[in-house]
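Taking it in order: structure first as structure tokens, then the write-up.
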Amino acid sequence: MKFFKSVAKTMKDTTWETGRELSRDTTTVVVMSLFFIAFFALVDYVVLWALQFVG
């Protein structure tokens with residue numbers, strides 16, 4: 001029973017993000033993910049292109 005009281009207290013003490021904060025953070029994650037996808041795709045392309053001259 002102590003566990004459930006502790007969980008209930010923790011849930012009451014938790015501060016949740018507002019809709020605006022959630023939207024901003026989600027946008028940041030999506031944009032950064034797209035950036036890293038593009039970056040690593042470019043690096044992969046350059047490495048493959050360089051290896052064609054070596055081999």
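We're numbering straight along the sequence, starting at 1. Everything numeric in this text was worked out from a predicted model, so none of it was measured.
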Members besides Phe3 in its Ile/Leu/Val/Met/Phe/Trp/Tyr cluster (side-chain heavy atoms under 4.5 Å) |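 Grouped by the 4.5 Å side-chain rule, Phe4, Val7, Met11, Trp16 form the rest of the cluster around Phe3.
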Sequence neighbours left out, what pairs pass salt bridge (Lys or Arg N to Asp or Glu O under 4.0 Å) with at least one residue falling in residues 17-28?
->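 Not a single pair qualifies under salt bridge (Lys or Arg N to Asp or Glu O under 4.0 Å).
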Can you name the residues that form a side-chain contact (heavy atoms from CB on, under 4.5 Å) with Thr10, not counting sequence neighbours?
->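 side-chain contact (heavy atoms from CB on, under 4.5 Å) check on Thr10 returns Ser6, Thr14.
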Between Thr27 (side chain) and Ser23 (backbone), is there a donor-acceptor pair under 3.5 Å?
->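 Indeed, once roles are kept as given, a pair shorter than 3.5 Å links the two residues.
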Under 3.5 Å, sequence neighbours excluded: what are the donor-acceptor pairs made by side chains of residues 32-54?
{"unit_1": "Ser33", "atom_1": "OG", "unit_2": "Val29", "atom_2": "O", "d": "2.8"}

Side chain to side chain donor-acceptor pair (under 3.5 Å) partners of Lys12, counting only residues at least two apart |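 Checked Lys12 against side chain to side chain donor-acceptor pair (under 3.5 Å); zero matches.
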